[in-house]
Amino acid sequence: RWGYTPLESVAFVVLSITTTLAGFGLWALDSGRKGIKNAGVEVVERTDSNYGDAVAAITDELRSLTCAPASDIKSAREGAMDTAAMAQWTDFIKYYDEAYCDALHTRDNRVKEK
């Protein structure tokens, strides 16, 4: 549940809006660089029951971006580059290795139970 699309966007200096239902969104919030103007990424709170609120928040953010001065967009794009630099594969591979090992362990336990 990581969601590569927002990461790929910021890697190409394209501003991105994602939600807390995506692992990338949660990571972006935990990174300490909040908001599209600082990080090139806006993370919208999303639950199973707040669809309308999430749509409104995304709409508001898009509206704000379309009216933002060029200097704000430039800052946001610089933030996107910084965010992408923080999300290097070399830093994250250990988590994929752990998840893979956990999946193998779970599989092995299921096979033993049969």
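Keep in mind that this is a model prediction, so the values were computed, not measured.
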Practice item. Begin with the C-alpha distance, continue with both residues' side-chain angles, and end with the deciding distance and a verdict on side chain to side chain contact (heavy atoms under 4.5 Å, CB included) for E42 and S16. Key: CA-CA 6 Å; E42 183 64 38; S16 183; over 6 Å; no
Study note, to complete from the structure: E61 and I36 have their tightest heavy-atom pair at OE2-CG2, 3.1 Å
Check your understanding: Any sub-3.5 Å donor-acceptor pair from T106's side-chain atoms to D102's backbone N or O?
Key -> yes
Review point. How many angstroms lie between CD1 in I93 and CD in E98, if you round to the nearest 0.5 Å?
Key: 11.0 Å
Exercise for review: Work out which heavy atom in A39 is nearest to a heavy atom in T83; give both atom names and the distance.
Suggested key: O-OG1, 2.7 Å
Study note, to complete from the structure: Closest heavy-atom pair, V13 versus M81, reported as atoms and distance to 0.1 Å, is CG2-CG, 3.6 Å
Check your understanding: Atom CD1 in I58, atom CZ in R46: separation rounded to 0.5 Å?
Key -> 8.0 Å
Check your understanding: So T47 and N50, side chain to side chain donor-acceptor pair (under 3.5 Å) or not? Walk me through it.
Key -> CA-CA 6 Å; T47 66; N50 77 335; 3.2 Å; yes
Point to revise | Contact check, side chains of T18 and V41, non-hydrogen atoms, under 4.5 Å | key: yes
Study note, to complete from the structure: Between the CG atom in L62 and the CD1 atom in I17, the distance rounded to the nearest 0.5 Å is 4.0 Å
Revision key, fill the gap. Looking only at heavy atoms, the pair that brings E45 and A54 closest together is O-CB, 4.1 Å
Practice item. Answer yes or no: is there a side-chain heavy-atom contact under 4.5 Å between L29 and T20? Key: yes
Review point. Taking the inter-plane angle between the rings of W27 and F92 on a 0 to 90° scale, is it parallel (under 30°), tilted (30 to 60°) or perpendicular (over 60°)?
Key: perpendicular
Study note, to complete from the structure: Distance col, row L21:CG vs D48:CG, nearest 0.5 angstrom, shows 6.5 Å
**Study point:** pair Y100-Y95: side-chain heavy atoms closer than 4.5 Å
**Key:** no
Review point. Roughly how far, to the nearest 0.5 Å, is the NZ atom of K37 from the OG atom of S64?
Key: 5.0 Å
Practice item. Write down the atom of V10, the atom of G40, and the distance for their closest heavy-atom approach. Key: CG1-O, 3.7 Å
Point to revise | Separation of T19 OG1 from F24 CZ (nearest 0.5 Å) | key: 11.5 Å
Review point. Is a side-chain donor-acceptor pair under 3.5 Å present for D72 with S75?
Key: no
